[in-house]
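Everything on this sheet refers to the single structure shown next.
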Amino acid sequence: MAGNPVPIPGPKPKILCIDDLRDEASAKLPVGIRDFFNSGSADQITIHENSTAYRKYRIRPRVLVDVSKADTSTMCLGRRVAFPLGISPAGLQGMAHPDGEIATARACARRGINMGISSFANYSVKEIRDAGLSIGPINHAMQLYTMKDRDLELKIIRKAEAEGCIAIFLTADSPVLGVRYNEWRNDFRTPKGLNFPIIEWDTEDIQNRTHDDGFQAFNDDGHNWARDIPWLRSVTKMEIWIKGVLTAEDTLRAIEMGCDGILVSNHGGRQLDGIPATIDALPECVEAAAGRIRIHVDGGIRSGSDMFKALALGAEHVWVGRPALWGLAYDGEKGVDLMLDTFYNEFKRCMQLAGCNSIKDITKACLGVVRSDGPLARL
Ligand SMILES: Cc1cc2nc3c(=O)[nH]c(=O)nc-3n(C[C@H](O)[C@H](O)[C@H](O)COP(=O)(O)O)c2cc1C
Ligand SMILES: O=C(O)C(=O)c1ccccc1
């Protein structure tokens, strides 16, 4: 169990943190699905660093600050959210729990935050939107791949607009899938009975395909900035965010192309292995942007203090992928509630203990970095 220096024998403790949730959820899942959700690509370097890279930072707390009215709220996708966390678009949530994205949407709305919808969701955009809105206000980003079939891509955009999605998250890091030993070892195939209404494939179309084959059948590895971004801009008024930016160069490109935001992401370490942890790539993107484009980050965020560190390094807002899948696998909608409450409580406590009363108080001055041979270095 995370947080315990030595294993404690006896009955299982309650789920106290996201690592506990991961362990309990993983124990419930068949091996092929568990590995599909939890693994990264190739040597697992990037997925490992995504979460461990946070450990080199230390928080510089200011004490004796009145934090009795600390406010965790901020803006995301055009509305005020309860705190700066959203659920990244991850496909196949029906494999974690039959309620899939419906349960995720309801839990997000209950907690007052937003959500990304994968093109590979197991429910339609309308079903996901309606489920969330039946609980409370929620805004969605529609995740898009660059598709071989432009008519289908446009159809997805129109569905997203019709349902009131605010933004497109264009996934830019996946011309092809990463080297995924787990999928090949387990011969991972989509389980029977799951539909893909957004890309209009049903189980018959997909069930005998490996993930790699299915992906290649519709995704266009000829995607590029010059072709795809002006086209997107010409067909929709939704915000355009580039998901998967990791460098200053591509941050500048996104600004040049008139994009609304970037999501600093390495796809949860599932694409190219050996690329940096997102928290290590974030500072060069923030510096290059110089305030000219909105910057969010995902990948390896597993606690409220990870969220705090990402904000201190210049992200406006963060997103998490796997924790929602673990919540779903553990206990459906209630599991996602538990996951979101854990992040919220940890984040609020972290702000208060660091002496921050609002999101704008979380700055570079709140962090230091541990070096092997000296005192804490200021950033
Ligand atoms: C099982 C799984 C499915 C995913 N599916 C998609 C997807 O359909 N589209 C996409 O852009 N990203 C997808 N992602 C990546 C997430 O959007 C996100 O970038 C990543 O999970 C963040 O890292 P984290 O899981 O460490 O929080 C997926 C991730 C996982 C684990
Ligand atoms: O596996 C993934 O990382 C991914 O992006 C994806 C794509 C299509 C369906 C499910 C997941």
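Bear in mind the structure is a predicted one, so any value in this text is a computation, not a measurement. Computed over heavy atoms, backbone and side chain alike; hydrogens, waters and symmetry mates excluded. Ligands are counted one by one from 1 in listed order, and the atoms in each one are counted from 1 as well.
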Using a heavy-atom cut-off of under 4.0 Å, does the side chain or the backbone of Gln143 touch ligand 1, or both, or neither?
side chain
Roughly how far, to the nearest 0.5 Å, is the CD1 atom of Ile262 from the CZ atom of Phe169?
11.5 Å
Does Glu200 come within less than 4.0 Å of Lys159, counting only side-chain N to carboxylate O?
yes
Under-4.0 Å heavy-atom contact with ligand 1, by part of Leu92 that carries it:
neither
Ligand 2: which protein N/O atoms lie under 3.5 Å from its N/O atoms?
{"from": "ligand 2", "atom 1": "1 (O)", "to": "Arg180", "atom 2": "NH1", "distance (Å)": "2.7"}
{"from": "ligand 2", "atom 1": "1 (O)", "to": "His211", "atom 2": "NE2", "distance (Å)": "3.0"}
{"from": "ligand 2", "atom 1": "1 (O)", "to": "Arg270", "atom 2": "NH2", "distance (Å)": "2.9"}
{"from": "ligand 2", "atom 1": "3 (O)", "to": "Arg180", "atom 2": "NH2", "distance (Å)": "2.9"}
{"from": "ligand 2", "atom 1": "3 (O)", "to": "His267", "atom 2": "NE2", "distance (Å)": "2.9"}
{"from": "ligand 2", "atom 1": "3 (O)", "to": "Arg270", "atom 2": "NE", "distance (Å)": "2.7"}
{"from": "ligand 2", "atom 1": "5 (O)", "to": "Tyr145", "atom 2": "OH", "distance (Å)": "2.6"}
{"from": "ligand 2", "atom 1": "5 (O)", "to": "His267", "atom 2": "NE2", "distance (Å)": "2.8"}

Considering distance alone, does some N or O of Trp319 sit under 3.5 Å from an N or O of ligand 1?
no
Looking only at protein heavy atoms, identify the closest one to atom 11 (O) of ligand 1 and say how far it is in Å.
Thr171 OG1, 2.7 Å
Of Ser88, Pro89, Ser265, the residue with the heavy atom nearest atom 14 (N) of ligand 1 is Pro89
Heteroatom proximity flag, Gly91 to ligand 1, N/O under 3.5 Å
yes
Salt-bridge contact Asp228-Arg150 (side-chain N to carboxylate O under 4.0 Å)
yes
Do any N/O atoms on Arg302 end up under 3.5 angstrom from N/O atoms on ligand 1?
yes
Less than 3.5 Å between some nitrogen or oxygen of Ala90 and one of ligand 1, yes or no?
no
Please confirm whether Lys28 makes a cation-pi placement over Tyr330, using NZ or CZ under 6.0 Å from the six-membered ring centre and within 45° of the ring normal.
yes
Rounded to the nearest 0.5 Å, what separation is found between the CD1 atom of Ile135 and the CG atom of Asp130?
12.0 Å
At what distance, to the nearest 0.5 angstrom, does NE2 of His267 lie from CG of Leu246?
12.0 Å
Flag Gly300 as yes when one of its N or O atoms lies below 3.5 Å from any N or O atom of ligand 1, and as no otherwise.
yes
Would Arg111 pass as a cation-pi partner of Tyr344, given that its NZ or CZ must be under 6.0 Å from the six-membered ring centre and within 45 degrees of the axis?
yes
Protein residue, atom and distance nearest to atom 10 (C) of ligand 1, heavy-atom basis
Lys243 NZ, 3.4 Å
Looking only at heavy atoms, is any part of Gln271 under 4.0 Å from ligand 1, and if so is it the side chain, the backbone, or both, or is it neither?
neither
Kindly indicate whether a cation-pi arrangement holds for Arg270 with Phe36, taking the cut-offs as under 6.0 Å to the six-membered ring centre and within 45° of the axis.
yes
Cationic N near anionic O, under 4.0 Å, Lys148 to Glu153
no
Output the list of atoms in ligand 1 that are nearer than 4.0 Å to some heavy atom of Leu325, sorted by atom number.
1 (C)
SB check Asp250 Arg253 (cutoff 4.0 Å):
no
Any ion pair linking Arg110 and Asp337 (charged N to carboxylate O, less than 4.0 Å)?
yes
Taking the six-membered ring for Trp, are the ring centroids of Phe218 and Phe120 within less than 6.0 Å of each other?
yes
Please report whether ligand 1 has a polar contact with Ser118, defined as an N or O pair separated by less than 3.5 Å (distance criterion only).
yes
Under 3.5 Å: N/O of Tyr145 near N/O of ligand 1
yes
Residue Val320 vicinity, atoms of ligand 1 by number, heavy atom under 4.0 Å:
27 (O)
